[in-house]
Amino acid sequence: MGRGGERERSGGMGKRKTNDQSVDLHVVLLLLFVSSLLVGHNGVEEGMGLSDKEEKELEKQLELLNKPPLTTIHTDYGDTIDCVDFHKQPAFDHPLLKNHTFHYQMKPTSLDRGTRDQVSSKFTKPISIGLKDGGCPVGTVPIRRISKEDLIRERFASKMTSLEDSTLGTHYAVVRTRANSDKKFVGAGGEMSLHNPHVDGRQYSAARVKIQNGPDSLETGWRVDPSLYGDTRTRLFIRTDAGQSHCFNTRCPGFVIVRSDIPLDMDFGGVSIRGGESQKTKAYIIRDQANGNWWLEFGFNSALVGFWPSAIFTGLRDLANYAEWGGEVFSPPGTTTPPMGWGTFPIGTIDWDAYFIQVSVLNENGQTVDADNVEEFTDNNKLYRVKDLGNQGSDLQYTILYGGPLG
């Protein structure tokens, strides 16, 4: 009452003071809000804003995700990699995989690598992959340890982003098979250049290959994603959408790892230099026709990293009827959009553009062929663009260029 009386007695000066305080308060609140948006990039404080129930849920989730390791590897880039017994990996928490007969020496029985093993383009440099010294011991698989901070950051990002915002804030520049195509595939992939576009907060920027049939889809490629990883390194990723499994890497059960030296979210360690040396990798998602499992074939030694068992699928229990190659970015609606690829619009050459080369599908007979009956698609041509150059012959073969600048 006393302070209110003072404002009334001081007339106009009191009103200006009140307005100034209101402005100051709004500024403080705005700064706190902006800081919270950037928390995915700079880390989060332990247990920030969590109820006791949420704390217990996180502890339970960590217990499910982080299986007891036989040994641990600490990478040069700060990751802790747990070497987990093959049979105890998160994949087998899936209710449809409880009585599996899989083993760590599994390989597909019906894959013809053919042209996928041809010599890489002389214009670009394949990047070496995998953990040092052979990775994990025989019979174990490498899984990046998830921290409580990782889960808090993801939970915070999901609370701040509604499904509508996620849809509105996501942008694509891709070449994709047409909706009216009656062709089916047993795989898709290609070689992709590696980049490290600048992102902040809840933004991400990625390049990926995607296959789909109905509600089921699988993706792989590289990704810069502070909300997912807590850093801005260029990392390998997979995405699983099948039945009740919707996640990246090993965040939900479904993908069975068999390699002992390639973590699903490994740091590539090097990226391309625009106009200079181009770093790249190769990735395919391919169906084993003998049993319907979908395999991740990765790198220039065609390493078989692991597989998605046919049992977890509905649509992809059959062949794929859709494939896609290109860039994807996200930024919360109303904020600046992040760069895609090089952060420039494609101009027509792999020396200066983000690219996919040797783009191909595996037809129903398992033969690796050029994708056909495809179309360019960008949801906003003012922000991001894609160029389908078709088959360029020589080492490049089927080529796609894509990208876009900081909004």
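- Looking only at side-chain heavy atoms (C-beta outward), Val386 and Leu401 stay at 4.5 Å or farther from each other.
- Not one N or O on the side chain of Ser310 forms a donor-acceptor pair closer than 3.5 Å with the backbone of Arg317.
- Of the listed residues (Phe307, Trp308, Phe86), just one forms a ring pair (Phe, Tyr, Trp, His ring centres under 6.0 Å) with Phe102, and that residue is Phe307.
- To the nearest 0.5 Å, atoms OG1 (Thr75) and CD1 (Ile73) are separated by 9.5 Å.
- Between Asp150 and Lys148 there is no salt bridge, since none of the side-chain N atoms of the basic residue sits less than 4.0 Å from a carboxylate O of the acidic one.
- Relative ring orientation between Phe330 and Tyr204 is described as parallel, the plane-to-plane angle staying below 30° on a 0-90° scale split at 30° and 60°.
- The side-chain heavy atoms of Asn249 and Phe255, taken from C-beta on, include no pair separated by under 4.5 Å.
- In this structure, the side chain of Thr72 does not engage the main chain of Asp82 through any donor-acceptor pair within 3.5 Å.
- Taking a cutoff of 4.0 Å between a charged side-chain nitrogen and a carboxylate oxygen, Glu191 and Lys280 qualify as a salt bridge.
- Checking side-chain atoms of Gln358 against main-chain N and O of Asp395 turns up a donor-acceptor pair under 3.5 Å.
- Although no hydrogens or angles enter the test, the distance criterion places a donor-acceptor pair under 3.5 Å between the side chain of Asn66 and the main chain of Ile146.
- At distances below 3.5 Å, at least one donor-acceptor pair connects side-chain atoms of Asn363 with backbone N or O atoms of Gln367.
- Under the side-chain hydrogen bond (donor to acceptor under 3.5 Å, both in side chains) criterion, no residue pair touches residues 97-107, with sequence neighbours excluded.
- Considering only heavy atoms from C-beta on, Leu218 stays 4.5 Å or farther from Ile238 through its side chain.
- Between Asp79 and Arg235 there is a salt bridge, since a side-chain N of the basic residue sits under 4.0 Å from a carboxylate O of the acidic one.
- Minimum heavy-atom separation, Pro338 to Val199: CB-CG1, 4.0 Å.
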Practice item. Before giving the answer on side chain to side chain contact (heavy atoms under 4.5 Å, CB included), spell out for Thr337 and Val329 the whole-Å C-alpha distance, their side-chain angles and the decisive distance to 0.1 Å. Key: CA-CA 8 Å; Thr337 52; Val329 300; 5.7 Å; no
Practice item. With side chain to side chain contact (heavy atoms under 4.5 Å, CB included) as the test, would you mind laying out the steps for Val359 and Thr399 before giving the verdict? Key: CA-CA 6 Å; Val359 170; Thr399 302; over 6 Å; no
Exercise for review: Would you please test Asp318 and Arg287 for salt bridge (charged side-chain N to carboxylate O under 4.0 Å, His left out) and show each step?
Suggested key: CA-CA 9 Å; Asp318 191 8; Arg287 187 176 191 265; 5.3 Å; no
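- Across Val361 and Asp370, no two heavy atoms sit closer than the pair CG2-O, 4.2 Å.
- One side chain, Asp388 or Tyr398, offers a donor N or O that lies under 3.5 Å from an acceptor on the other.
- One distance of note links CG of Leu228 with CZ of Arg223; it measures 6.5 Å at 0.5 Å rounding.
- Formation of a donor-acceptor pair under 3.5 Å by the Trp342 side chain with backbone atoms of Gly404 is not found in this model.
- Note that Arg208 lies outside the cation-pi zone of Phe237, set by a 6.0 Å cut-off to the ring centre and a 45° limit from the axis.
- Here the NE2 atom belonging to His195 is positioned 9.0 Å from the CG atom belonging to Asp353, to the nearest 0.5 angstrom.
- Glu297 places no side-chain N or O within 3.5 Å of a backbone atom of Ala283 that could act as its donor or acceptor partner.
- A salt bridge between Lys183 and Asp372 is present, with a side-chain N of the basic residue lying under 4.0 Å from a carboxylate O of the acidic one.
- Taking each heavy atom of Ile211 and Ala188 in turn, the nearest pair found is CG2-CB, 3.8 Å.
- No donor-acceptor pair under 3.5 Å is formed between the side chain of Ser272 and the backbone N or O of Arg274.
- Counting only heavy atoms from C-beta outward, the side chains of Glu219 and Glu328 approach each other to under 4.5 Å.
- Residue Pro405 comes nearest to Leu383 through the heavy atom pair CD-O, 3.6 Å, listed as atom of the first residue, atom of the second, then distance.
- One finds a salt bridge joining Glu375 and Arg178 here, because a Lys/Arg side-chain nitrogen approaches an Asp/Glu carboxylate oxygen to under 4.0 Å.
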Exercise for review: Determine, stepwise, if the pair Tyr284 / Thr368 fulfils side-chain hydrogen bond (donor to acceptor under 3.5 Å, both in side chains).
Suggested key: CA-CA 11 Å; Tyr284 278 83; Thr368 305; 5.9 Å; no
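- Using a 4.0 Å cut-off between charged side-chain N and carboxylate O, Lys132 and Asp76 make a salt bridge.
- Among all heavy-atom pairs drawn from Ala290 and Thr109, the shortest one is CB-OG1, 3.0 Å.
- Heavy-atom neighbours of Asn365 CG from other residues, nucleotides or ligands within 6.0 Å: above the threshold of 12.
- In this structure, Asn196 and Val224 have side chains that are in contact, with non-hydrogen atoms separated by less than 4.5 Å.
- Taking CG of Asp52 as the reference point, atom CD of Glu57 lies at 11.0 Å (rounded to 0.5 Å).
- With a 4.5 Å cut-off on side-chain heavy atoms, Tyr172 and Asn380 do not count as touching.
- Of all heavy-atom pairs spanning Gln203 and His198, the tightest one is OE1-O, 4.4 Å.
- Side chain of Thr140 to main chain of Asp85: no donor-acceptor pair is present (N/O by atom type, distance under 3.5 Å, no hydrogens or angles).
- Note that CG of Leu168 and CG of Asp379 are 10.5 Å apart. Values are rounded to the nearest 0.5 Å.
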Practice item. Begin from the C-alpha positions of Gln289 and Leu319 and carry the test side chain to side chain contact (heavy atoms under 4.5 Å, CB included) through to its verdict. Key: CA-CA 9 Å; Gln289 292 287 67; Leu319 309 187; 3.6 Å; yes
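- The shortest side-chain heavy-atom distance between Leu131 and Met266 does not fall under the 4.5 Å cut-off.
- Contact of the Leu264 side chain with the Leu296 side chain is registered, since non-hydrogen atoms from C-beta on lie closer than 4.5 Å.
- Rounding to the nearest 0.5 Å gives a distance of 14.0 Å between CD1 of Ile257 and CG of Leu304.
- Screening residues 259-269 for side-chain hydrogen bond (donor to acceptor under 3.5 Å, both in side chains) gives Arg233-Asp267, Arg259-Asp261 as the qualifying pairs, with residues at least two apart or on separate chains.
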Practice item. Given side chain to side chain contact (heavy atoms under 4.5 Å, CB included), test Leu236 with Phe268 step by step and report yes or no. Key: CA-CA 7 Å; Leu236 168 67; Phe268 282 102; 3.9 Å; yes
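- Remark: the backbone N or O of Ser227 is paired with a side-chain donor or acceptor of Arg153 at under 3.5 angstrom.
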